[in-house]
Amino acid sequence: MNSIKVKAYAKINWALNITGEAPNGYHLLDMLMQSISLHDTLTINKDEAQGLCIIGSNELTCSDDNLIIKAKKVLEEYIGSELACSFILEKNIPLAAGLAGGSADAAAALAGMNAVFELGLTPSELLRVAEKIGSDVPFCMYGGFQRATGTGAELKRLRNPEKIHMLIIKPSEGLSTAEVYKNSKTDTSACVDDAVNALQEGRIQDLKACCANALFKPASDMRPEINNVIEKLYQSGAVFAAMSGSGPSVFGVFESEDAAKIAKDMLKAEYDEIHLASTHVYGLEFV
């Protein structure tokens with residue numbers, strides 16, 4: 001095998017509680033994460049001049065800070081040898097948006113290199129490598145519907161809800177996850193167990209009562225337009241709307257795909273980054 005292509009799916013947070021602080025200073029979390037159909041596509045070519053080509057984004061760089069490059073270096077350290085390959089990234093997931101786009105790309109790089117080089121790493125080994133790259137990368141390796149606790153790396157896979165249609169809007173320039181967390185505090189407003197039940201039973205009308213995001217206040221203080229997007233999603237027919245992760249992206253849940261499309265038509269003139277999406281059962285898929 002000389003080449004492989006991987007779809008890397010974005011995620012949203014249905015609910016996010018901050019339950020305390022770990023001894024190392026990281027926040028302790030209890031959150032529900034969900035893969036969605038919005039995705040990047042990563043192609044890995046073996047035995048070519050090493051490098052990363054990015055299609056579809058003028059903002060994302062190929063520096064050492066790029067999580068694909070970091071994933072390659074961390075994997076090479078783990079196996080003790082270099083991997084001669086190049087990457088082509090077709091970028092669709094908005095940057096610095098609370099949708100784990102960079103983490104999904106890193107997970108795709110790990111899984112893809114494991115396959116194309118026939119490294120034979122087990123799922124548990126891949127997760128150990130993923131944890132060294134970023135807190136969302138382990139989730140993005142397998143995706144679906146999962147509950148994350150601790151610092152975010154303790155994952156429990158849950159039965160995926162039936163397909164839920166939504167609209168994703170990034171209202172402004174990105175937010176620094178570190179800055180949002182720095183300004184956050186302990187907040188357990190989300191009723192996570194109730195949210196799990198509502199989603200698995202298809203009661204999307206009940207999400208507003210049980211879902212909350214502890215990062216919403218610090219993020220919306222930094223980007224007040226987040227509030228405006230949520231309000232406009234409700235005005236356009238959403239049954240539930242919330243910020244994902246550390247923001248500023250907002251998702252609105254609709255009763256049907258047609259209702260989501262109508263809302264997009266109503267709002268697309270106001271927002272450059274607006275995407276139809278639905279819940280998805282995997283974090284990665286080989287094409």
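It should be emphasised that the depicted structure is a prediction, and the values quoted were computed from it without experimental measurement.
Side-chain atoms of Asp187 never come within 3.5 Å of backbone atoms of Asn213 as a donor-acceptor pair (strictly under, hydrogens ignored). The main-chain N or O of Ser244 is never found under 3.5 Å from a side-chain atom of Asn13 such that the two would form a donor-acceptor pair. Judged by distance alone, with hydrogens and angles left aside, the side-chain atoms of Asp40 form no donor-acceptor pair with the main-chain N or O of Ala8 at under 3.5 Å. A distance-only check finds no donor-acceptor pair linking the side chain of Asp206 to the backbone of Ala198 [under 3.5 Å]. Although no hydrogens or angles enter the test, the distance criterion places no donor-acceptor pair under 3.5 Å between the side chain of Ser278 and the main chain of Ser37. Between the Asn92 side chain and the His39 main chain, a donor and an acceptor come within less than 3.5 Å of each other. Within the 3.5 Å criterion, the main-chain N or O of Leu83 finds a donor-acceptor partner in the side chain of Glu76. For the pair Lys11 (side chain) and Gly98 (backbone), a donor-acceptor distance under 3.5 Å is present. The main-chain N or O of Leu121 is found under 3.5 Å from a side-chain atom of Asn114 such that the two form a donor-acceptor pair. Checked by atom type and distance alone, the side chain of Glu125 pairs as donor or acceptor with a backbone atom of Thr122 at under 3.5 Å.
Using a cut-off of 4.0 Å between Lys/Arg side-chain N and Asp/Glu carboxylate O, Asp193 and Arg147 are scored as salt-bridged. Using a 4.0 Å cut-off between charged side-chain N and carboxylate O, Lys132 and Glu77 make no salt bridge.
In this structure, the side chains of Ile88 and Asn45 come closer than 4.5 Å at one or more pairs of heavy atoms.
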Requested in this report: Go through the steps for Asp265 and Lys261 under the test salt bridge (Lys or Arg N to Asp or Glu O under 4.0 Å), then give the verdict.
Outcome: CA-CA 6 Å; Asp265 288 340; Lys261 288 179 178 178; over 6 Å; no
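Leu89 and Ile93 are assigned to two separate hydrophobic clusters, defined by single-linkage of ILVMFWY side chains at heavy-atom distances under 4.5 Å. Linking Ile, Leu, Val, Met, Phe, Trp and Tyr residues whenever their side-chain heavy atoms come within less than 4.5 Å leaves Tyr9 and Leu126 in two separate clusters. By the criterion of side-chain heavy atoms lying less than 4.5 angstrom apart, applied directly or through intervening Ile, Leu, Val, Met, Phe, Trp or Tyr residues, Ile68 is not grouped with Leu99; the two fall into different hydrophobic clusters. Side-chain heavy atoms closer than 4.5 Å link hydrophobic residues (I, L, V, M, F, W, Y) into clusters, and following such links, possibly through other members, connects Leu167 to Tyr234. Residue Val250 is grouped with residue Met33 when hydrophobic side chains (ILVMFWY) are merged at heavy-atom distances under 4.5 angstrom, including chains of intermediate members.
Open room surrounds OH on Tyr26; 12 or fewer heavy atoms of other groups in view lie less than 6.0 Å from it. For OH of Tyr282, the number of neighbouring non-hydrogen atoms (other residues, nucleotides, ligands) closer than 6.0 Å is 12 at most.
His280 and Glu285 are linked by a side-chain donor-acceptor pair at a separation below 3.5 angstrom, with hydrogens and angles left out of the test. For the residue pair Asp258 and Ser256, no side-chain donor N or O sits within less than 3.5 Å of a side-chain acceptor on the partner.
Among residues two or more places apart in sequence or in another chain, the ring-ring contact (aromatic ring centres under 6.0 Å, His included) test is passed with His165 by none.
The only member of Lys7, Lys91, Lys70 that meets salt bridge (Lys or Arg N to Asp or Glu O under 4.0 Å) when paired with Asp105 is Lys91.
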Please table the atom pairs, donor to acceptor, closer than 3.5 Å between any side-chain atom in residues 148-159 and protein atoms at least two apart or in another chain.
{"unit_1": "Arg157", "atom_1": "NH1", "unit_2": "Tyr142", "atom_2": "O", "d": "3.4"}
{"unit_1": "Arg157", "atom_1": "NH1", "unit_2": "Gly143", "atom_2": "O", "d": "2.6"}
{"unit_1": "Arg157", "atom_1": "NH2", "unit_2": "Val281", "atom_2": "O", "d": "2.9"}

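By the 30° and 60° cut-offs, the orientation of the rings of Tyr181 relative to His27 is tilted.
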